[in-house]
S.K.: 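Dropping a structure here in structure tokens format, bear with me for questions.
The chains referred to below are lettered A, B, ... by the order of the sequence lines, with proteins before strands, and numbering in each begins at 1.
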Amino acid sequence: MDKSEVIQQLEDTATLLALKENSSVFEARAYENAARALGTLNGDIEQLVSEGKLKGTPGLGPTLIKRIEEMVTTGRFSFLEELRASTPAVKIEMLRIPGMGPKRINTIYDQVHVNSIAELEQACKDNKIAVLPGFGKKTQDKILQGIAFMQEHANRFLYSVGEQEAEQIRTALAKLPQIVRLQVAGSLRRRRETVKDIDMVVSVADDAGSDVRNAIMDFFTSQPSVKAITGKGETKASVILSTGIAMDLRVVGDSQFPYTLHHFTGSREHHIPLRRRALSLNMTINDYGLFKVESGKEELVPCKDEKDIYAALGMEYIEPELREDTGEIEAAIHKQLPVLVQESDLRGVIHAHTTWSDGKNSLREMAEACMARGFSYVGITDHSKIAAYAGGLSEDDLRRQGEEIDRLNEEFAGRFRILKGTECDILRDGSLDFSDEALASLDFVIASIHSIFNLPPAEQTQRMIRAISNPYVDIIGHPTGRILLGREGYTLDMEAVIEAAAKHGTCIEINANPLRLDLDWRHLHRARDLGMKIPIGPDAHNLAGLDDMRYGIGVARKGWLRASDVLNTLETEPLLQFFHSRRSQKK
DNA sequence: GCCGTTTTCGGCCCGACTGTTTTCAGTCG
């Protein structure tokens, strides 16, 4: 068991301990602390255990050291297994309802004996929750709202989840020699932030028989991640995968592939004006082909790929990410589509955490991982002092972190640069959590809201705009604060926020964490048109988090951004110049 | 479960909200 797995098991233990009756919240917290402590330790966990080096680490006492040793040496963790066996599944499910924590869950479970979310919903409707001690009508209503939110999003999945599932199957299918072409379609190909299901299209030789098609379907439906088969024929098979996500596979002859792929890539909204365009040219398009209609007879327009389809319609090729009917048809007709930014355009990372606050890896580890990924710089942005839950830095910490950065930069000179930054909390009134002196000592400043989410919209908007107009603030972090499938964003007027940011020359980031993807692509158009430079930030809390950058690229592409619109396509010196010049302009 | 000692058990990053209370418990980040 490697370090990240051990940390995960410790965190799971903390969750289950919190749900356990009569358990101390501090015991649960001890497991959280231990997970964090382990995260800050450098080196291979097996070696640390075998050499007895865990002893003396703050947060790891005799019990936890013994438990970590068990995990590392046996690959199992009996304490967690027992906890899992003794915790009703419904309690864990209830944790996902906003506003429900261990105390309320246990009260409800003990006194109303609910065994499912459905039973909890009924109990609320029967007014059985409001009468419990410490509960009331409003809490009951809030639980109902939370359940409704959960159900509304229950059949959707994060893009990242769909992507991983699809990639696994795509890799497996790609090994079949009978398959000529193979492509993910649907909302996943369009890089929507959440997806309902996975669509995949494969082609076989036009003269391939039933046996070839059936063999592919047999192979597909017998994949290890397939949990249930809901339909299976020669041209289409439908399954449910282990994560619960549904998947359709379609098999077509290779000459039909472009039309089918295009059809199942969508979106429906994109296809409506596209069909209108086809009709205006006496053509018609469906999943079987593009046809020229003359005197009532249809004649296929041969297309070897999607580019040919758009070309036949007198249009530039439209990238899948843009197929949402937000002006792409018109732009393609007039050959005005942007060249979209790509992952390879990125030169560095802006927005990453380290063990100085709630990150799992050290400054050095984060910097070296960025170097290994070919980046020229990383902007380190640990939390500010009020974010105590995340180990926020005091101004003195910030200064000492700066000294460590100076030392590392000396070592990396000429190869790589660590930029001094912060993710500074925006306080209730829109002021910042660090003094101007502290902020002035940094290369750049990200300001984010992490508390007081539901001020009245006008007040929340003013709070954000005040932060935007602060001369030291370069970037607003995760501007809506939404958690995909989990929580709505802050109550603020995003249009007004974007305009204020553009006016003050303040950037708004695309937070590339797959749970956030915030700023939303629907707002990017506007920001770009106002001339804003958009940083793509992974908000990385560990090394793996650095790879989330690609999700941010997906959002940027959906928002029509070119490489020149993205801040961190700049090399180190121009970027520092950008921060420097805008700061002196604003003051 | 860990820590720091006022060495043997009480406190445990913190600030703010909401909804329940009528001074506070629970949740969140």
S.K.: Can you tell me how far C1' of B:dT27 sits from CG of A:L19, to the nearest Å?
M.R.: 13 Å
S.K.: Determine whether a donor-acceptor pair (N or O, by modelled atom type, separation under 3.5 Å) exists between the side chain of A:D539 and the backbone of A:N511.
M.R.: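 Side chain of A:D539 to backbone of A:N511: no pair is present.
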S.K.: Please report, rounded to the nearest Å, how far the P atom of B:dC2 is from the CD atom of A:E27.
M.R.: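 Those two atoms, CD and P, are 9 Å apart.
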S.K.: Distance check, C1' atoms only: B:dC9 and B:dC14, in whole angstrom units.
M.R.: 24 Å
S.K.: Quick check: on DNA chain B, is the nucleotide nearest A:I483 upstream (toward 5') of the one nearest A:T57, or the reverse? Name the residue that is more 5'.
M.R.: A:T57
S.K.: Taking the inter-plane angle between the rings of A:H383 and A:H353 on a 0 to 90° scale, is it parallel (under 30°), tilted (30 to 60°) or perpendicular (over 60°)?
M.R.: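 Parallel.
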S.K.: Can you tell which of B:dA16, B:dG19, B:dG1 lies closest to the side chain of A:S24?
M.R.: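 Nucleotide nearest to A:S24's side chain: B:dG1.
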S.K.: Short of 4.0 Å, heavy atom to strand atom, which residues of residues 87-108 of chain A count as contacting DNA chain B?
M.R.: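 Nucleic-acid contacts, sorted: A:P98, A:G99, A:M100, A:G101, A:P102, A:K103, A:R104.
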S.K.: Measuring only the C1' atom in each nucleotide, how far is B:dG10 from B:dT5? A whole number of Å is fine.
M.R.: 11 Å
S.K.: Can A:E411 and A:R364 be counted as an ion pair, charged N to O under 4.0 angstrom?
M.R.: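 Result for this pair is yes, salt bridge flagged.
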S.K.: Please report, rounded to the nearest Å, how far the C1' atom of B:dC3 is from the CG atom of A:N33.
M.R.: 11 Å
S.K.: Which part of the nucleic acid, if any, lies within contact of A:P133, taking any heavy atom under 4.0 Å across all strands shown: a base, the sugar-phosphate backbone alone, or nothing?
M.R.: nothing
S.K.: Please check this pair: side chain of A:Q460 against backbone of A:I452, looking for a donor-acceptor N/O pair closer than 3.5 Å.
M.R.: yes
S.K.: Could you check whether any side-chain N or O of A:E193 sits under 3.5 Å from a backbone N or O of A:L158, counting only pairs where one atom can act as donor and the other as acceptor?
M.R.: no
S.K.: Pick the P atom in B:dT21 and in B:dG26, then give their distance to the nearest Å.
M.R.: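 12 Å, rounded to whole Å.
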S.K.: Take A:F79 and A:I449, find for each the nucleotide of DNA chain B with the closest heavy atom, and name the residue whose nucleotide sits nearer the 5' end.
M.R.: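 Result: A:F79.
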S.K.: Do A:F77 and A:T13 come within less than 4.5 Å of each other through their side chains, counting heavy atoms only?
M.R.: yes
S.K.: Measuring only the C1' atom in each nucleotide, how far is B:dT20 from B:dT27? A whole number of Å is fine.
M.R.: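 One C1' to the other, the span is 13 Å.
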S.K.: Heavy atoms from C-beta onward define the side chain here; which of B:dG19, B:dC2, B:dA16 lies closest to that of A:K138?
M.R.: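 Within the option list, the nearest is B:dG19.
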S.K.: Rounded to the Å, how far apart are A:R29 CZ and B:dG29 P?
M.R.: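 After rounding, the gap between these two atoms is 15 Å.
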S.K.: In whole angstroms, how far is the P atom of B:dG29 from the CD1 atom of A:I426?
M.R.: 17 Å
S.K.: Using the side-chain heavy atoms of A:Y31, tell me which of these nucleotides is nearest: B:dG29, B:dG19, B:dG1.
M.R.: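 Among the listed nucleotides, the one closest to the side chain of A:Y31 is B:dG1.
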S.K.: If I take atom CD1 in residue A:I129 and atom C1' in nucleotide B:dT20, what distance separates them, rounded to the nearest angstrom?
M.R.: 16 Å
S.K.: What nucleotide among B:dG1, B:dC2, B:dC13 has an atom nearest to a side-chain atom of A:R36?
M.R.: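 The nucleotide sitting nearest to the side chain is B:dC13.
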S.K.: Is there a Watson-Crick or G-U wobble partner for B:dG15 with both distances under 3.5 Å, and if so, which one is it?
M.R.: B:dC28
S.K.: Is it true that a side-chain atom of A:K385 and a backbone atom of A:G392 form a donor plus acceptor pair closer than 3.5 Å?
M.R.: no
S.K.: Distance check, C1' atoms only: B:dG15 and B:dC3, in whole angstrom units.
M.R.: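 Straight-line distance between the two C1' atoms is 24 Å.
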S.K.: Say you pick atom C1' in B:dC13 and the same atom in B:dT8; how far apart are they, in whole Å?
M.R.: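 Roughly 25 Å separates the two C1' atoms.
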S.K.: If you look at every strand shown and take non-hydrogen atoms under 4.0 Å, does A:S451 touch a base, only sugar-phosphate, or nothing?
M.R.: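 No contact at all - A:S451 keeps every heavy atom at 4.0 Å or more from the nucleic acid.
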S.K.: Does the Lys NZ or Arg CZ of A:R67 fall within the cation-pi geometry relative to A:F79 - under 6.0 Å from the ring centre and within 45° of the axis?
M.R.: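 Verdict for A:F79: a cation-pi partner in A:R67.
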S.K.: What is the distance, to the nearest angstrom, from the CZ atom on A:F26 to the C1' atom on B:dG4?
M.R.: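 Going from A:F26 (CZ) to B:dG4 (C1'), I get 16 Å.
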S.K.: Could you measure between the two C1' atoms, the one in B:dT6 and the one in B:dG11, and give it in whole Å?
M.R.: 14 Å
S.K.: Is A:R400 paired with A:D397 through a side-chain N to carboxylate O contact shorter than 4.0 Å?
M.R.: yes
S.K.: Between B:dT18 and A:T139, is there an OP1 or OP2 to side-chain N/O distance shorter than 4.0 Å?
M.R.: no
S.K.: Counting only side-chain heavy atoms from C-beta out, which of B:dC12, B:dC3, B:dG15 sits nearest to A:P58?
M.R.: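 Among the listed nucleotides, the one closest to the side chain of A:P58 is B:dC3.
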S.K.: Measure the distance from CD1 on A:I68 to C1' on B:dC2 and round it to the nearest whole Å.
M.R.: 12 Å
S.K.: By nearest atom, which of the nucleotides B:dG15, B:dG29, B:dG1 is closest to the A:Y389 side chain?
M.R.: B:dG29
S.K.: For nucleotides B:dC2 and B:dA16, find the distance between their P atoms and express it as a whole number of Å.
M.R.: 32 Å
S.K.: Classify A:N454 by what it touches in the nucleic acid, base, sugar-phosphate, or nothing, heavy-atom distance under 4.0 Å.
M.R.: sugar-phosphate
S.K.: Looking only at side-chain atoms of A:R487, point me to the closest of B:dC28, B:dG1, B:dT20.
M.R.: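 In terms of side-chain proximity for A:R487, the closest of B:dC28, B:dG1, B:dT20 is B:dC28.
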